[in-house]
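Labels below follow one simple rule: chain letters A, B, ... track the order of the sequence lines, proteins then strands, and each chain is numbered from 1.
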Number of protein chains: 2
Amino acid sequence: MDTANPGNTAQQILNAAERLVQMHGFNGFSYADIAQEVGITKASLHYHFSTKAELGRSLIARYQDNFCAALAAIDAEDADAADKLRDYVRLYAKVLRDKRMCLCGMLAAEFITLPQPMKAGVKKFFDANEHWLSQTLEQGRKAKQLHFAASATDVARTLIDSLEGAMLVARSYGSAARFLATADWLLAELGVGTAAKTRRA
Amino acid sequence: MDTANPGNTAQQILNAAERLVQMHGFNGFSYADIAQEVGITKASLHYHFSTKAELGRSLIARYQDNFCAALAAIDAEDADAADKLRDYVRLYAKVLRDKRMCLCGMLAAEFITLPQPMKAGVKKFFDANEHWLSQTLEQGRKAKQLHFAASATDVARTLIDSLEGAMLVARSYGSAARFLATADWLLAELGVGTAAKTRRA
DNA sequence: GTCTATAGGTGGATAGAC
DNA sequence: GTCTATCCACCTATAGAC
């Protein structure tokens, strides 16, 4: 959790690897890249993560943990389903601001080439997103704040698919604005305004 | 164009490379993979495509040509904007049926790592999609068949982003049905029913 | 146009000293 | 925990015979 702590090498390795996967893909970086960024040799990396597959597995696990914590934080902060969805989109936008792709979106592209444990991790991430979104959507529908005809699960999947795709394409144009435009359209279709959070004052 | 023609080696190479990129990514295959599939040596590949970057460039160019031809075929067959959009979705679904990702969607994930000419080609592909969709959407709106509040360009971008993302995620689940569910939801939001084509007679 | 042979580099991974 | 040294498989690319 502490990027600046020089003692915590494993976390520094994960930080570097995470950035590299999100930027270049799992097949687009090497141990040499991480070694240079962290400032140790390739050989030393194997002490912390015996194989690249094991490093990849750890990477997804940490990403999922952090993501789920962020979702819990949203639930703690917002009572409103519409506010929650807006903050959910902000979570994606924050990743894109560093010109990164969602870790699991990137891995989804390379899915076929991944070792089995990583494949399972990627699906688990999407499943967790779907679960949280479904609940949030259902909550909003019951409160007559969100409006949609399909099942909450189907809409949740559409949101995941579309937001991941919006990140994917936005990176080719180097345009976070393009991502936000698509995100706004999607939320608008559900009845969520794009302006600042609804305040009850 | 003729997969079975044994004389047309360049096309066979492109066919193999296209499949490999769509399945594994540009950084996820090698000349050895193509050589095996086509049945010639690695060295012979360089006679047809001097470098991997040049092969990638040719790949995108052919893909774009075929795609634009498919769009022209849709325009020739359908008068109706709703029918055109349904056929557009079918174009994507057809790619996914072979468990492939859209070539340029895959390359968008690896965008940062691509040689410059390939980057330009990927953008051109998305731009062509946007142009065709914008026109089709505008046509449908004028005919009061499609309904949307945003600009045709913004909706076109949302459709591209969302369909690419739906392909991306669907591949992790090995589920074409998931792609189709998202595609149907998107079209439904524009007022396009998911049932068979509208027939006038 | 396709081959053999090979160059020159980089991939992940290991052994063993410190 | 980190290092040096090294292995071997694989990468893209080239030279030159056929």
Does the plane of the ring in A:Tyr31 sit parallel, tilted or perpendicular to the ring in A:His46? Use 30° and 60° as the thresholds.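 Tilted.
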Considering just the side-chain nitrogens and oxygens of [X], establish if one lies under 4.0 Å of OP1 or OP2 belonging to [N].
X: B:Tyr47; N: C:dG1; answer: yes
X: B:Ser44; N: C:dC3; answer: yes
X: A:Thr9; N: D:dT2; answer: yes

Looking at A:Met23, A:Glu164, A:His24, which one forms a side chain to side chain contact (heavy atoms under 4.5 Å, CB included) with A:Met101?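 Of A:Met23, A:Glu164, A:His24, side chain to side chain contact (heavy atoms under 4.5 Å, CB included) with A:Met101 is met by A:Glu164 alone.
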Separation of [N] [atom2] from [X] [atom1] (nearest whole Å):
X: A:Leu45; N: D:dT2; atom1: CG; atom2: P; result: 9 Å
X: A:Ile34; N: C:dT10; atom1: CD1; atom2: P; result: 17 Å
X: A:Gln12; N: D:dT2; atom1: CD; atom2: C1'; result: 14 Å

State, with a plain yes or no, whether a side-chain heavy atom of B:Met106 is found less than 4.5 Å away from one of B:Arg100.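 No, every pair of side-chain atoms sits at 4.5 Å or beyond.
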Answer yes or no: is there a side-chain heavy-atom contact under 4.5 Å between A:Glu189 and A:Leu186?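 With C-beta onward as the side chain, the pair stays apart.
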Does the cation-pi check pass for A:Lys52 over A:Phe29, that is, NZ or CZ under 6.0 Å from the six-membered ring centre and within 45° of its axis?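 Satisfied, under 6.0 Å and within 45°.
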Does a donor on one side chain sit under 3.5 Å from an acceptor on the other, for A:Ser58 and A:Glu54?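 Their side chains do contain a donor-acceptor pair, which is all the 3.5 Å distance test asks for.
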Could you run through nucleotides 5-18 of chain D and give me one letter per nucleotide, 5' to 3': B if any protein heavy atom sits under 4.0 Å from the base, S if only the sugar-phosphate is that close, - if neither? B-----SBBB----
